[in-house]
Structure formats: structure tokens, C-alpha cells
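One structure is given here, and the rest of the page talks about it.
All heavy atoms count here, side chains included; hydrogens, waters and symmetry mates do not. Computed from a prediction, not measured in an experiment: that's the story for all the values here. Every chain is numbered from 1, with letters handed out A, B, ... down the list of sequences.
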Amino acid sequence: MTTTSEPPLQLTAGEQLVRPSTSLGVLSRPKGEVGWKSWLFTVDHKRIGIMYGAAALLFLVVGGIEALLIRLQLAVPGGNVLSEDAYNQVFTMHGVTMVFLVIMPMAAAFANYLLPLQIGARDVAFPRLNAFSLWAFLAGGIFLNTSWFLGGAPDGGWFGYAPNSGLVFSPSHGMDFYALGLQITGIASLVSAINLITTVLNMRAPGMTLFRMPVLTWMLLVVQFLLLFAIPVITVALFLLSFDRLFGANFFNVAAGADPLLWQHLFWIFGHPEVYILILPAFGIMSEVIPVFSRKPIFGYPFMVFSGIAIGFMGWGVWAHHMFTSGIGPVSVAVFSLSTMFIAVPTGVKILNWLATMWGGRLRFTTAMLYSVGAVAMFTIGGLSGVTHAISPADTQQTDTYYIVAHFHYVIFGGSLMGMLSGLYFWWPKAFGYKLNERLGKVGFWVLLVGFNLTFGPMHILGLQGMSRRIHSYAADSGFNLWNAVATAGSFVIAVGVLLFFWNIGLSRRRARGAPPLGPDPWDARALEWMTASPVPTHNFDREITVTRQDEFWHRKWGYDENGKVVRIAPTAEVAHDGSAKGVHLPSPSYWPVVVALGLPFVAYGLIYNLWITGVGALLILGGLYAWVFEPPDDPEDQAHDDHHESDPSGDTGNGADGGGSQDHNGGSADGDGARPLAAAGAPAGPAAESSGNQP
Amino acid sequence: MSDVASPETTVSAPAATGHTAAAHPPTTTGLTHNKLAMWLFLGSECLLFGALIATYMFAKSRLPAGELGPNDVFDIPFTSVSSFVLLMSSLTMVLALSALNRGEERNFRVWIVATALLGGTFIAGQVYEFTVFYNLGLGYTTNIFGSAFYTLTGFHGAHVTIGIVMLMSTLVSSVRGRLSPRNAETVELIGLYWHFVDIVWILIFTIIYLFPQ
Amino acid sequence: MGTGGGRAGRRGGRVVRRLSLILVALAVALIVAGCADEHPLDTLTPAGPDAEEINDLFFPVLGVAIIVFFLVQGAIIYLAVRYRARRRAAAAAAGTDGDESDDLYGDEEYPEQVHGNLRLELAWTIVPTILLTVISVFTLISLVELNKVSAAEDDLRVTVVGQQWWWEFQYHLDGDTETPPDIVTANEMVIPVGQQVPLEITSRDVIHSFWVPRLNGKKDAVPGRTHPWVIEADEPGRYMGVCQEYCGLSHAYMRNYTVVLTQAEWNEWVEGQLVDAVPLEPGDPGYEGQEVFLANCANCHVVNGVTDVNLDGVPDGMDDYDGDNGDDDITSALVAGAAPNLTHLASRTTFAGSIFDLYEDRAKRIPYLEVAERGYLNRGDLEAWIRNAPERKANDADGARGMTAFPGLSDGEIDALVEYLTTLR
Amino acid sequence: MTQTPSVPTEAAEDVQPADAETEDVAAEHDAEHEHPSDRQYVKVALILGALTALEVATYFESVHHLGDAALYALLVVLMVLKFIYVVAWFMHLKFDSVILRRIFVAGIVLALGVYLVMLTAFRIWGA
Ligand code: HEA
Ligand code: HEA
Ligand code: CUA
Ligand SMILES: [Cu+2]
């Protein structure tokens, strides 16, 4: 029930840089730095970030294959690659997979890997909760996809409008998997949001004020707040749906007087903030990449920050633009129509600031830069078509046509995914110590860009010509043949582009073997994460960094001469850390996050099939939580100054205090400045307590 | 040069917070991770219960005439008493915390037990109420009001139950001598949760029970 | 932004230029080709006042969007060309493959460091705001315009009912939607030209959306709710519509037509529709078919005057098709509780969610009112439909929606049925 | 326990002192962070009890001549008062960091905002 708090940083312990690993009396803690166990039980934010990214890429292939099936089916009129039923499952899962299992976790990958680094922290606030988030997300994603083999995937569309998603109209278990699976990934996102907000607010390096944080950190922070407040809304919506389906409740039972629009409101109150959850991380990435390769600081930093915050805020007031034709009444339509339009303003500010950043720069068109600039260009197209939807009368001609499909692929694929691909090329050397091949990367970019526009450009035309979305087939005389064929061709060009990316990973990895190690700062970049070795050592920074301005790292390398010209003041190697610090205390790996996360899909299967399985899941969760609570986040025995409760490792944990936290009150403070080189970079939890209420 | 004039709103120096603050190494805000996290969680819960309450209000407004509704089942005097009981548990909760802060272990235990008992009484009342409603013919699937009512109050009841379990665990650790003013924050955070559950009931009691139907 | 440097780059440039020329030419050709097709659902060729109103709003906004598009994309291309860092000649000569960007760009290349410019920021906050404010004014005007109902209280009013996966149209000639409808038809809504017809849109099962793109925007058909809408056409003709909200298996097969007739023709159509069918006597052509029909089909389908359940009132029709406030055993087999009224089937030109033609192609050139006499029956599709409807149009395995298959009917019986159906004019 | 050999903090030229606002917050914080006494808690509880009693009283006809609108208003005011008392005193939000206050208020304001708009769109008021 209590302790999940982890004081990751303040302790100096151990002779070498290893995680403490000793017995807890019951089970020995996981140990080791290599091998699968070191990944499965890790609590290191970087490994967790990498695993998030890997999972997202895996699901990208899954969602992409689903997309290719859609395109194959629609290549010619009356296609018969898929049955109606299969088609409905495929497009539903395509949407769900891409949104919840690709873009969101990819954003989580960047957030996990980079947030602590960008603010100069040792780890996130709650490393074990962080691991839990990862595994819960993965459990949810896998759970969702097992539905394919268990009688059919969800078939209600990604926004699952009631009553079509109800038991009567969707009698297979598909929509149960949808409701429960998204519930699980929702828990993961919520926990992670709390964790990351705490990290940003509480663990910044000395001098790292909010307005010195990199724009990426800012955008990720805004996203975590959006998640914090949006997830509970869909949680409730999904509960209502599940209760209707599983227990016969009447929330969407029209015969009992219910109104199906309730689902739409709840879904889109979540759903619209969700689309900004998808795009803001990419905006953040672009705001890191473009300055570096323009050799200029970001233009209008405060405006970049405030426009991001403004987008986050305004995103809450526009949800019903998805419901212009739902019959919400002309007044509601008018209000939401106007509020939606004005979101173009802060977004436009961002676009123009990126352009202004490039203005007068020395643009180096690396692959990362190409993707970022491509994302600016493509997102603008999607944003502009978004404004034409916001004009509600016009939207009555557009809703549920391919014009909408074009809009959201331009913003999501062209904005979010391209932005994230940019981020992958940019930070790949940071995470793995070698660059992805630039030449292949550039070829890949152009292939992807061409394929993307071939696929989704024609959809604007198709939509305006009246082609509905979510149709498994169209008549030969509807006039849709040509552009559908083009779109299908384009989607395979995209597939080539994506395959090139994967090939690039393999190739670069092979080539990097035996190559000399890459420096900490291959791009001559600006933010703190570039100030430590690549790949980032487990302990992040060797020394605490005191921040005195934005782009601290850059300013340590570069200064101005008397004419105001930029001159080098220190070689990078001198400024950056080499990752050689010893004796940095690291939080210990743990079994329990995995165990608790594993319990979740069991509970869900049980609700669908047999409550006994739920029992097993509940046992896993409760047992895992219990063990979690009694496991000190840091292994006490390893700590020289651990002057109490070694004999009873459960220490204070029964009431929520944990070993790590209490050490500080006693021995911890004995550390002088030098003894706690990393102390201030991160925060200790003090007497730890976190109610299990934090893990709904 | 690089800093565009920017308002700096955060605390970069350690600020003392909480009773044990002096011993804390600094966090940027001066707040412990746990406390920040708890408040974030409570902020998030606002939207959860908000959605449930809104769903209830909406459902009630759509209840077809002639169906079993709030007027047919509610027993306001009874619910008033159990609401009062829950409200008072918030008092005993703060008293427990304050006792712990002063290091009065025994008083702490007394107040914690009182809090848990009051919470338990509330839950018992709810179980009783549900039984009565059920016997009056209002099942979970009976109509849209039944579904919404049981879902909302059920979620709340589950929160109270979790709260009770947490209270009991602090009691256990106190008895085992592991609780001291030093880690009073644990209790403070559980208290926050407990009070939050209480204010949710303040809303529910007024909106669901007392508003003229 | 090519990858090669030096001479290779120049050669590359030429190739790229030639390639892009070809691409542009191809694109133009494709667009021209694409536009040559017929687009029955085109949103950009309005044929009614509402659709026109919408387009008059949409095109200017699209114009603004296109201008912004060119400005932004133009700026990107300009910046990319103008400020692109030149690689150091030495690096290019050394033939490095562009992978080591550190070596390729000199330190001296740091440009002036500009952090921002308040005036610019304000400019690009304020200008879009003004632009959007103007747009929103026009949006509001259009909204008001589109919500105006000019029809009188007692003018024709049509209740549109969506269900899986066809449309029912209930005509209230006196505009009173509380009373039972005067005419009930399926999939083809016939209206007089130049007259605004108020609609009341609802559904019997899941959410559908009624949309005839060339006449007006769409409106969702939500069970339990009735949404007002209007439809009006400037010219007589046949306007295709589709169900526009995902509604399950055969969502793609849920179309409809709005047939617009001159006032005189429309009056004639109404008169025809108001007449009930006459039960056939033995010896009448189609009599055998009627018997088969009564034995197999009358469970679900109504033929006014023939099946024992008459059209005596259809309120909103969730599960109460005949308005007797009881479950209708005729249709309780279906989730939606209803099947198309077949009284005047033969006067329609399409069937089953308007996905099949009832008459061969040339019917499209026959005046609407004369199809039943002069049309050439599309026997193939109709027979196939009767024999095994789910094969032609997916429905659920539970048999609770859509039409069931009749594997037991002999060829003769099917012929008889078809013959009978053609008598239902 | 070993010490890392490196310098404790990485000295960049001038570590900016915590700016004015920061210190204010901290100071204010220290000053204010006195826990209310038990007596105050009991007082708050009494007020809460009284407010509840008032609320319940409305159920017993007494104020029904006021009409529904006034009754709603009264109940809402009482409810909000109770809410604020608990949050401010029992949950210490009155005394705690502004950050916490902002987080919680953000949640409440957002919830109120979106759900009231939703219910308004459903036109449930006045039904
Ligand atoms: C990454 C996700 C993302 C983003 C960022 C956006 C951004 C926007 N979206 Fe989009 N949207 C989706 C994802 C996204 N959307 C999805 C997934 C759906 C479909 C869901 C479904 O039905 O399945 C959807 C659907 C959708 C609809 C509903 C359509 C319908 O179903 O009928 C609407 C309607 O208003 C809309 C509007 C907008 C607007 C106005 C923006 C704005 O934020 C865009 C602002 C950006 C710009 C305008 C460009 C840059 C600005 C300038 C250069 C300044 C100058 C510009 C002007 C003055 C115009 N979107
Ligand atoms: C993040 C969001 C995202 C992304 C990236 C994509 C990517 C793609 N989407 Fe998207 N799409 C959605 C989100 C997204 N989509 C959503 C939310 C919906 C709405 C769903 C709904 O209506 O409910 C939708 C719906 C949707 C439709 C409409 C379906 C319909 O309404 O009937 C179509 C149709 O063409 C489509 C196509 C594509 C294509 C071709 C891609 C491509 O870009 C995909 C590219 C990726 C690959 C091609 C993977 C690469 C493959 C390999 C490396 C393996 C190769 C192996 C083999 C060939 C065997 N999508
Ligand atoms: Cu009916 Cu789609
Ligand atoms: Cu939206």
C-alpha cells in the first residue's frame, strides 16, 4: 500500500559502479548488467526508454501491415482481400495500434530517455513505477493483439461509438479487448505521467529553472499534464462500456433511455487532448533538432513554450468538433467551431518560429534535420485541412470522408511520426553510441516523403469527391478508382521507406562494431543530454551540473568574441563528461513492477472468460504490490552508511517509509559536498510514502 | 545572452517543507516526490469522479417516467447520518496526523482506529443501503439510474475501502514501532487521500441525494 | 538537399529536375484523368441551396488555406536553398560520404545568434487571429443560414430512419410527424424540386448518418434522438447518398437516392404511393408468388393491403413498428425491428440499401415514374438477393439484422416471387 | 563510503542566485507552514457539521417555499463551503506550496469546465 518512492540519487555507495544486489531474505534481487534479465527487471530510465521505443517500432510494423491490408483491399473497387468483418477489425486495430501502441509509447520512449537527461537528473522520480508503466503498456498492447487469435479483434472503429460497440451489435469479444486493453495502457500512461511530472518539477539540476528547460522538456511536461487529466476521462468511458458489455449496465442502452452521445462526449473530451498528446512530443523534438542543425538558438523560446502551453489548454475546449454532425445543436456547434479555429494561432506561432530559426542559419541537412523540416511542411498541410474542418458547415460535407483521413494522417504521420523519426536519427548516437547511416537515412526520408504524399495526398481529393471512410469496398462507378490505386501504390512506397529505416538500423549497427567510440556530442548540440558520454552511462552524468542559462552545454563550448561573433571557448571533450564516474549509487533492479504489470492482463482475460483467471491476476497484483512495498528501492545492505534496519530489510516500509529515504536523515547528511556529487541533481523521497491509490 | 528574459517561477533552492524537512536533501520545489505525486494523482481523480458524477446527472435526467428513481429509494435521514460519519472521519484523520507529529504514538493509534472505524461504518451503511435498494427492486441492470447510481457510489466505496486498508497498515506499522514523526509524511499522504475521498462524498451527498429530484 | 557533393551533385541536380518535371506532368495528367470520371457523391458540385451555401463558405477558406500553404512551403524551400550550409571544399574533395557531419562543416560557420523578435511574434499571433475572426464571422452567418427552415408547418415533412443497412422514409404530407405516416418507402426519397423538405432523422439501432453530398451536408441518425435537417434541390434528378457513420458490417452497402421530380410528377408519384396493394386472386398473374410471399416473407415485410399487419402507425419505431405499443412479432426477429415496406417496390429503381439496380441500366434514361412499366427488370440480382441475401450483402451470423437466406426456395418459387414483386408498383 | 574524486558542482562562471520570487515563496512557506492546532481542527469540523445540518434541513420542507432555483443555489453554496473547508484545512492546501494548489485547482477547474459544458450541450438543466 505504501512505499513506491525511490530516492535514486542521493546516495553514494559501493566501490564500483554496479547496482547493489543482495538478498531480501525471500528472493534475491535481480542482478547483473547484461543479459535479458538486466532488461526485464531494470529500473533505469534509459533502458526503459529504449524498450518503449523498440516496442513502438514493433507495433509500427503491426499497424503498418494492417494499413497495407487496408490499402490492398481498397486498391481496386470491390476488392476482396478481406471480408467485411475482417476489414472492420483491421481498420479498427490499425487506428488503435497506431495511436495507442505506436505514437504514444514512442513519445514515452523519448520522454523516458531524455527528460531526466535534459534536466540534469540521475533518473526519474520513481524508477520502479517507471518500469511498471513500461510493462503495463506492453501487457496492454499484447493483450489487445491477442484478440486476433481469440475470436476476433475489436471492430467498432478506434473511437468505438456506442451503441455499435455494445454487446448487441458487436457480439464478439473484440470490443471487450478494446475496452480492457486500453484501460491497461491507460493505467500505464497515467502512472507514467505522475512520475514524469514529479521528475520535471522536482529533480532539475541546480539552476535549471523552468524557463531554462529545453523546449522538448517543456512539451513533454505539457503532454504529461494532458495525460494526467485526460486519461481518467477515457477510463470512465471505458468502464461504462465494459460494464454495459460485461454486467448488463444501461449506460448506452437506448431502450432504457440512454443517449449514445454520452460516449461521444466522454471519448472526445479525452480524444482531442489525445491528439495533442500525439503531436506535442514531436513539436518538442523538432524544436531541438532544428536549432542544432541551423546553428542558431530556437527563435522565440518563450513563445515556443507558451504556445505549447496554450495548445494544451485550448485542446480542452474543442472536443465537440468531432461531433458537428452528431446532433449536438446549433449553439454547441457554433461554440466549438470557433474555439477550434483559434487553435491555429498558437500552432501557427510554432510553425513560424521554426522557420525563423532556420532563417539566417547554416542549415545542415542531416537526416534528422530532413525529417524535422519535412514534419513542419507536412504538418502544416494537415493543420490547414484541420482548419477547413473547423468551419462546421463545411465539416458536414467532410466528416467521415477520406478528407478527414487525409487530415489526420498528415498531422499524425506527417507531424508526429516524422517528428519522431527525426528524433530517432538525432538521438540514436546518444543512446547507442553510433550514428545511423546518413546516406541511407536520406534516401529513406525521400522515399518516405514521396510515398507519404502519394498515399495521403489523393485522399483529400477522394474525400471531397465523397468517398466515405471505413468502407470495405466502393462501387466501380463512384469515380474513386484512380486515386485509390495511387494511394495504394503510395502506401507500398511508404513501406519501402520504413523498411529502409529498419535496414539502416541493422546496417549501422554492424558497421559500428569495432569502430572507435563516438564522442558525447556528434552534432554539436545544445542541451544537457549531449554533455555526457554516448551511449549514456547508467549513472547519466559524472558530476552534478549547475545550469546558468538556456542551452547550457552549448554556451560552455561556444562564446562570443568582441565583435559578437561566435567563437569556441572550450573543446567539447573538455566540457562533456566522459562517463567514468565511479561509486555512483544506482537504484536496484526489481522483479515486482513486472509482476504487477503481468497481473493486469490476467484480470482482463478473467473478466472476459472466467473470473478465476481474474483471481490469479489479482493475486499477482496484490502479491507484487506487497513485495514491492517491502522492498527497499535501494538495497540497504550495500550501503556503508546504512546505519539502521539492515537486519530487517523491510525497515520502515510497512508504514511507507523506506530504507533509502530514512538513511538520509541519519547518515546521509554526513556526506559532504564532495561525497554527494549527484545529490542535488535528484531528489530523495524522504520518508517515503505513496499510497497505492496512485496505482488505480 | 542566451536567456530571453524569462520569468522564473520555480524554486531552485531547497525550501523547507514538512515536519522533517530540515533533514531533506533538496528537491527543486522543496516538496517530496511523494507528496507531489499524491497531489498530481488527486488532480487526476477530479476528472475521474467528475465524469462519474456527470454521467450520473445525465443518466438521471434521462430516466424514463415511471421507472424506479431516486425518490423511490433514497432514505435521506439514513444517508445523512452516514455522510456525517464520513465527514467526521476526516477530523479524526487530521487529529491522528497531528498526534503523530507531536510524537504521541498512543493518541495516534486511537485516532487512526477511530478513522478506520468511521470509514468502516460508512461502508457498512453503504452496503446496507445497497441491500435495501436492491430489495426495493433497484438492481444494477434495472434501469439507467440504477447503473449510474451503483457505479458512482461503488467507485467511491472502493476508494474508501482502499483508504481503510491503508489506514490499517499504518496502524500495524505503528504497533510494530516503525512509525515516528520522521516518517509522518506517509500518514499525511494517506490522510490527503482520505480527505479527498471525503470531499468527493460531500459532492455526491449534495448532488445525488439532496438536490430536489 | 541531395546526398552527393561536387560534380555528382550537379549531375544529381539535373536528374532531380528532370524527374520532378516528369512527376509534375504525371500528376497533372492524373488529376485531369481523375476529374474526368463521374462523381455521384462530389461535394464540390452542389445542386441545392444548402450545399451551395456550404461551398460558398468552404472555397474562400480553402483559398486562405492554400495561400498559407504556399507561403509556408515556399518559405521552407527558400530557407533550405538560401541558408543551406556549404560543405567545406576539402571535405568534398576527400570524398567522405557525408556521414561525418562534424568534419564537413566548419566551426567558423556559426551565423549570428538571434534569439527572437517580439514584433514578429506579435505579428504572427495577431494576423492569423484577425484572419480567423473574419472567417468565424462568415461561419456563424452560414450556420444561421443553414439552420433556417423556410417550409411551413403543414408542408411535407419526411422522417428518415436509418437501420442496419438501409433507409426508410416516412412521408408526412401534412407535416405532422406525430401521426402515422402517409407513405412509407425505402432507400429512395422522392421530393419535389425547388421545395425545402424538412427532415427528421433518427435510427432504429446504431448510429448512421444521412448524407446526400450534392444537396446538403450530413446529419447523424442517432437512436433515441430525432435530428431536424432539411433537403432541397434546384434541379430534378437523381442524387446519390450514402450512410456516413460507421454502422457495422455492411456500412459500405448503405446508400440511398434522393429523387427530385417536378411538382406535377411528384404529385403523381404521391398519388401512386397512397394506393394500397390489392390481394391477388387465384388466376391473377403473380398469385403463386403472393402465396410464397405470405408464407416466407410476410414475417418481416409489409405490403399494405396484403399482409395482415397494416401500416397503422409508425412512431419513432424502436421496437414498435405498427404503433400498437406492443412488440411486433412480425419483425421482432430483427434488431432494428423492421424490414423495407414492399408495397411499391417496383416503383423504385434500386433495392437493398440502393446497392443493386432494380432495373437494367437503361432505366436511368427512363423517366422515374415510368420505370415500372418500361424498365427491364434486373432479374439476376433480384433473384440472387431473394435466394441468399447475406451472400450479396454481409449481415450478422445471428440473423438478427438484414435479410435471411432462403435456401429452401425452389427456382420456381423464386420466379413466382419475382413475378409477384413486379406487381407491386 | 567512497567519494567521487571529481569536483562537487560543475562551476560555471556565476551561479545565479535563486531569484527573488523563489525566495519569497520559500520564505512565505516557512512562515505559513505551521500546522493548525487540534483546536482549530475541531472548530473546522464543527463548522462542517453545522453546514451539513443546514443542508439536510433543506430536505425537511422548511425552505421549500424558496423555490427550486434558490434551493439549488443554497445547496451548491453549502457544498462548496464544505469542500473548501476540508481542502483548505484538513488537506492543508491553505498552508501548502502554491504548486500543489495549482495542480489541484487545475484538476477541479478542468473537470468543472468540461463536464458542465457537456451537460449543457445535453440541455439537462431546467429539466
Ligand atoms: C496529431 C494529431 C492531430 C492534430 C495536431 C490535429 C490538429 C487539428 N485538427 Fe484534427 N484530427 C486528428 C488529429 C489531429 N488533429 C484526428 C486523429 C482526427 C480524426 C479522428 C477520427 O475521426 O478518427 C482529427 C479530426 C479533426 C476534426 C474532426 C473532423 C471530423 O471528423 O469531421 C477537426 C474539426 O474541426 C479537426 C481540426 C483540427 C484543427 C483545427 C487542428 C489544429 O490544431 C491545426 C492547427 C495548425 C495549422 C492551422 C497549421 C499551421 C498554422 C499556420 C501556418 C498559421 C496560419 C494559419 C491560418 C491563419 C489558418 N481535426
Ligand atoms: C499514428 C497514426 C497512424 C499512422 C502512422 C497511420 C499510417 C497509415 N495509415 Fe492510418 N489510420 C489511423 C492512424 C494512423 N495511420 C487512424 C487513427 C485511423 C482511423 C481508424 C478508424 O477509422 O477507426 C486510420 C485509418 C486509415 C485508413 C482508413 C481506413 C478506413 O477508414 O476504412 C487508411 C486507408 O488507407 C489508412 C492508411 C494508412 C497507411 C497506408 C499508413 C502507412 O503510413 C503505414 C506505414 C507503415 C508501414 C507500411 C509499416 C512498414 C511495414 C513493414 C516494415 C513491414 C513490411 C512487411 C510486409 C509488406 C509484409 N489509415
Ligand atoms: Cu449506416 Cu453506416
Ligand atoms: Cu480533435
Which atoms of [X] come close to chain C, meaning under 4.5 Å heavy atom to heavy atom: side chain ones, backbone ones, both, or neither?
| X | answer |
| --- | --- |
| A:Leu355 | both |
| A:Ser294 | backbone |
| A:Ser337 | side chain |
| A:Ala258 | neither |
| A:Phe342 | both |
| A:Asp85 | both |
| A:Ile298 | backbone |
| A:Thr380 | side chain |
| A:Tyr87 | neither |
| A:Val450 | neither |
| A:Phe252 | neither |
| A:Phe159 | side chain |
| A:Pro291 | neither |
| A:Asn353 | both |

Applying side chain to side chain contact (heavy atoms under 4.5 Å, CB included), run through C:Leu140 and A:Leu338 and close with a yes or a no. CA-CA 9 Å; C:Leu140 288 179; A:Leu338 299 197; 4.0 Å; yes
Shortest non-hydrogen contact from [X] to [Y]?
| X | Y | answer |
| --- | --- | --- |
| C:Ser142 | A:Pro393 | CB-CG, 4.0 Å |
| A:Arg470 | C:His251 | O-CD2, 3.1 Å |
| A:Ala394 | C:Ile54 | CA-CG2, 3.7 Å |
| C:Arg255 | A:Ala475 | NH2-CB, 3.9 Å |

Is there side-chain contact between [X] and [Y], with heavy atoms separated by less than 4.5 Å?
| X | Y | result |
| --- | --- | --- |
| A:Arg295 | C:Pro111 | yes |
| A:Phe169 | C:Gln164 | yes |
| C:Phe58 | A:Leu464 | yes |
| C:Glu121 | A:Val349 | yes |
| A:Gln398 | C:Thr43 | no |
| C:Ile207 | A:Pro163 | yes |
| A:Trp558 | C:Gln113 | no |
| A:Ser392 | C:Leu143 | yes |

Original post:
A:Trp359 vs C:Tyr83 aromatic rings, parallel, tilted or perpendicular, using cut-offs 30° and 60°?
Top reply: tilted
Tell me, for [X] versus chain A, whether the close heavy atoms (under 4.5 Å) come from the side chain, the backbone, both or neither.
| X | answer |
| --- | --- |
| C:Leu131 | neither |
| C:Arg82 | neither |
| C:Asn55 | neither |
| C:Thr133 | both |
| C:Glu245 | both |
| C:Leu79 | both |
| C:Val222 | side chain |
| C:Leu132 | both |

Could you tell me whether the side chain of [X] and the main chain of [Y] form a donor-acceptor pair under 3.5 Å?
| X | Y | answer |
| --- | --- | --- |
| C:Gln244 | A:Thr399 | yes |
| C:His39 | A:Gln465 | no |
| C:Arg225 | A:Gly327 | yes |
| C:Gln73 | A:Ala377 | yes |

Residue pairs passing the salt bridge (charged side-chain N to carboxylate O under 4.0 Å, His left out) test with at least one member in residues 342-356 of chain A, sequence neighbours excluded, are none
From the list C:Leu146, C:Thr129, C:Val242, C:Asp396, the residue making the most non-hydrogen contacts under 4.5 Å with chain A is C:Thr129
Chain A shares the most heavy-atom pairs under 4.5 Å, among C:Ala65, C:Ala75, C:Ala221, C:Ala51, with C:Ala65
Interatomic spacing from [atom1] in [X] to [atom2] in [Y] - rounded to 0.5 Å:
| X | Y | atom1 | atom2 | value |
| --- | --- | --- | --- | --- |
| C:Ser250 | A:Ile471 | OG | CD1 | 12.0 Å |
| A:Leu384 | C:Ile66 | CG | CD1 | 9.5 Å |
| C:Ile76 | A:Trp354 | CD1 | CH2 | 10.5 Å |
| A:Leu363 | C:Arg84 | CG | CZ | 9.5 Å |

Sequence neighbours excluded, the answer for side-chain contact (heavy atoms from CB on, under 4.5 Å) partners of C:Val114 is A:Lys296, A:Phe299, C:Glu112
Are A:His472 and C:Tyr253 close enough that their ring centers fall under 6.0 Å? yes
Highest number of heavy-atom pairs under 4.5 Å with chain C among A:Val376, A:Leu261, A:Asp395 belongs to A:Leu261
ask   = Hey, are C:Trp211 and A:Gln397 close enough side-chain-wise for a donor-acceptor pair under 3.5 Å?
value = yes
- Regarding C:Tyr110 and A:Asp524, is there a side-chain donor-to-acceptor distance under 3.5 Å anywhere? yes
Practice prompt. Test A:Phe303 against C:Trp124 for ring-ring contact (aromatic ring centres under 6.0 Å, His included), laying out the working first.
Written response: CA-CA 11 Å; A:Phe303 290 87; C:Trp124 59 51; 8.7 Å; no
Problem set entry | C:Phe356 atom CZ, over 12 foreign heavy atoms within 6.0 Å | yes
Let's go through C:Ile135 and A:Met341 carefully: what are the C-alpha distance in whole Å and the side-chain angles of both, what is the deciding distance for side chain to side chain contact (heavy atoms under 4.5 Å, CB included) to 0.1 Å, and is it a yes or a no? CA-CA 9 Å; C:Ile135 294 179; A:Met341 264 179 242; 4.0 Å; yes
When A:Thr92, A:Asp400, A:Asn88 are each screened for side chain to side chain donor-acceptor pair (under 3.5 Å) with C:Tyr246, the one that passes is A:Asn88
